[in-house]
Each structure stands twice: as structure tokens, then as C-alpha cells.
Amino acid sequence: MSYTKIAVLLVACLLAYLFFYRGPEVEYGQYTGAGESAPELSGREIIGHMRVHLGSRNYGAGHGFVLSAGNRQYVVSASHIIVGSFNDVDKVDVVSANTVLLAGAEPATGPSYSTCNMDDARRDVTFYATDTVHRGGDIPLGNAPPLVGQKVWLLCTQDREAATKKLIPAEVTFSSNRALKYTFETGLKFDGTSGCPIVNSARQLVGVNVCGHSQAGVAVPLPTIIEGLDAI
């Protein structure tokens, strides 16, 4: 076997390890603190609907938000809203109230999954990279994971024409380093919230919403998001 074939095999094994390996799942405990109120937002967070570029055509789909890693910025979103509807995505924009907050992010290395799988939520997070610097775009990262019984908020535009960002409250029902599950208050609309960042009462990022059904939702938690960025 040639050195080239050996190198290709080693790279393939490394990529397979990064994609399929799941470290031990660590569950977090019950929240026993005082009641928490909704966070105050800075108004500068880059969060909005994804606008997908396919050649000369543009389409809207789900949500995305911006995080920085090294010298690049990444749009974090849910794979199924893109992969499940489109092929050969050229670039994506993040748009709110018909205003482009970030333009021209390109697909980066990461999972591509066409459906939301509540048993393996990590496969439904994806990243788009840009070298353009946008100040104030990041949401502060959480210092501690949310606990069962604790409140979290989905930060979304909630619809494509919304002029302001909206906080959708939810209560955590399961929390680990691999998955975050919660229930919404009865009657709240959560259609189209895939890709929304999840924040705690201190306005810190704790996960990305990847799917919802009935009055429940599932997120990829912050540790898995960081792992995904580190693997790019």
C-alpha cells in the first residue's frame, strides 16, 4: 500500500472518529434556586432567519446565529432546515426584519443531517463560516449548564417579518452534555424556531434549538457546539 493511500485512510479514520464518536453522556441535576426572570438583551446579537443562496435564487429557512472561533465567525444553525430542503447550498445570510445582519457565510466542515433525531441531537447542528468581522455579534457563552426545572429562553425572530427579536420561555426537563430537552408554555407558537439560540436568565448561550414537537423541544447543548467548532 502506498504512503498516499495510508495517509488517506488515516484521515478518513480521523474524520469518522470525530463525527461518530460520542463521549460519555453526563446528566446534570435538579434546579433548586429561586425563580428567574427573562434576560435583558443587548440588541446587538446577530440572530435571524437563514437566507439560502442557490445560484441566482434565494430562499428563507429557519434560524441561525453567530459565534466567533479563532479569526473566523460561524453561523450556527440546525442541519435539517437546510439539508432537508435544499441541495448544493452556495452561501447563507442571517436576516432579520428584511435587514441582512451577516452575509455570505459558506458551508463549513460539520454534520449534515436531514431530519431532527431527538436521540442523537448533535447530528442536527451545522456551521457556516465567514471571515467578515461583525462586532457585537456573539452571545456570551454560558458558565454553567442549565438544570432540570430551570427556565431557559429561545431567542428567535419567530417569523420572517418580525421587526424585533422575541424570547420564548421554556422549562428544562432533561439536561446533559449531549442533549437539552424542555417544554414550552401552553399555547406558545414555536414553528420555525429550529436554529434559535437558547439562553439562560443571564443572557448566556446554553444551546441551539434543533427540533420541537407538540409542546416540547430539543437542543444541542453548548459543550457539543464547542466540540463541533473545534473539529472544523
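Closest of all the heavy-atom pairs between Val210 and Ala121 is CG2-CB, 4.2 Å. Of all heavy-atom pairs between Leu67 and Leu205, the closest is CD1-CD2, 3.8 Å. Taking every heavy atom of both residues into account, Leu101 and Ser96 meet most closely at CD1-CB, 3.8 Å. Nearest heavy atom pair, residue Gly217 against residue Phe184, reads N-CE1, 3.9 Å. The two residues Pro221 and Asn177 come nearest to each other via the heavy atoms CG-O, 3.4 Å. Smallest separation of non-hydrogen atoms from Tyr74 and Ala108: CE2-CB, 4.2 Å.
Not a single donor-acceptor pair under 3.5 Å links the side chain of Asp124 to the backbone N or O of Ala78. Under a 3.5 Å cut-off, the side chain of Asp93 and the backbone N or O of Val100 do not form any donor-acceptor pair. Distance alone, capped at 3.5 Å, is enough to place a donor-acceptor pair between the Ser175 side chain and the Pro146 backbone.
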I would like to know whether Leu180 and Val172 meet side-chain contact (heavy atoms from CB on, under 4.5 Å); could you show each step before the answer?
-> CA-CA 7 Å; Leu180 182 64; Val172 177; 3.8 Å; yes

Test Glu27 against Ser176 for side-chain hydrogen bond (donor to acceptor under 3.5 Å, both in side chains), laying out the working first.
-> CA-CA 4 Å; Glu27 294 186 23; Ser176 77; over 6 Å; no

Kindly determine whether Ser194 and His80 satisfy side-chain contact (heavy atoms from CB on, under 4.5 Å), including the steps that lead there.
-> CA-CA 8 Å; Ser194 292; His80 74 265; 3.0 Å; yes

Given side-chain contact (heavy atoms from CB on, under 4.5 Å), test Leu222 with Leu141 step by step and report yes or no.
-> CA-CA 8 Å; Leu222 183 59; Leu141 302 185; 4.0 Å; yes

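Summarising the geometry, atom CG belonging to Leu167 is positioned 9.0 Å from atom CG belonging to Leu154; distances are rounded to the nearest 0.5 Å. Atom CZ of Phe65 is separated from atom SG of Cys156 by 10.0 Å, given to the nearest 0.5 angstrom. Rounded to the nearest 0.5 angstrom, Ile46 CD1 and Ile139 CD1 are separated by 10.0 Å. The line from CG of Leu229 to OG1 of Thr224 is 11.0 Å long, rounded to the nearest 0.5 Å. Leu155 contributes atom CG, which lies 9.0 Å from atom CD1 of Ile198 (distance to the nearest 0.5 angstrom).
Asn200 pairs by the side-chain hydrogen bond (donor to acceptor under 3.5 Å, both in side chains) definition with Gln204, not counting sequence neighbours. With sequence neighbours excluded, no residue satisfies side-chain hydrogen bond (donor to acceptor under 3.5 Å, both in side chains) with Thr173. With sequence neighbours left out, the side-chain hydrogen bond (donor to acceptor under 3.5 Å, both in side chains) criterion links Tyr182 to Asn209.
In this structure the side chain of Arg203 reaches within 4.5 angstrom of the side chain of Pro140, judged on heavy atoms. The closest side-chain heavy-atom distance from Ile47 to Pro197 is below 4.5 Å. Contact annotation: the side chain of Leu102 approaches that of Val75 to within less than 4.5 Å [non-hydrogen atoms, C-beta and beyond]. In this structure, Val206 and Val199 have side chains that are not in contact, with every pair of non-hydrogen atoms separated by 4.5 Å or more. Looking only at side-chain heavy atoms (C-beta outward), Ile81 and Met50 come within less than 4.5 Å of each other. Side-chain contact between Phe127 and Ile225 is present, with at least one heavy-atom pair separated by less than 4.5 Å.
Of the charged side-chain nitrogens involved, none lies within less than 4.0 Å of a carboxylate oxygen, so that Glu227 and Arg122 do not count as a salt-bridged pair.
Side-chain contact of Gln73 with Ser68: a donor-acceptor pair under 3.5 Å is present, judged by distance alone. Neither side chain, Thr193 nor His63, offers a donor N or O lying under 3.5 Å from an acceptor on the other.
Phe174 belongs to no hydrophobic cluster with other residues, because no ILVMFWY side-chain heavy atom falls under 4.5 Å from its own, directly or through intermediates.
The stretch residues 63-82 participates, sequence neighbours left out, in these salt bridge (Lys or Arg N to Asp or Glu O under 4.0 Å) pairs: Arg72-Asp131.
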Using atom types as modelled, flag every donor-acceptor pair under 3.5 Å from a side chain in residues 29-39 to any protein atom, sequence neighbours excluded.
| residue | atom | partner | partner atom | Å |
| --- | --- | --- | --- | --- |
| Gln30 | NE2 | Val148 | O | 3.3 |
| Tyr31 | OH | Ala34 | O | 2.7 |
| Glu36 | OE1 | Gln150 | NE2 | 3.3 |
| Glu36 | OE2 | Ser201 | OG | 2.9 |

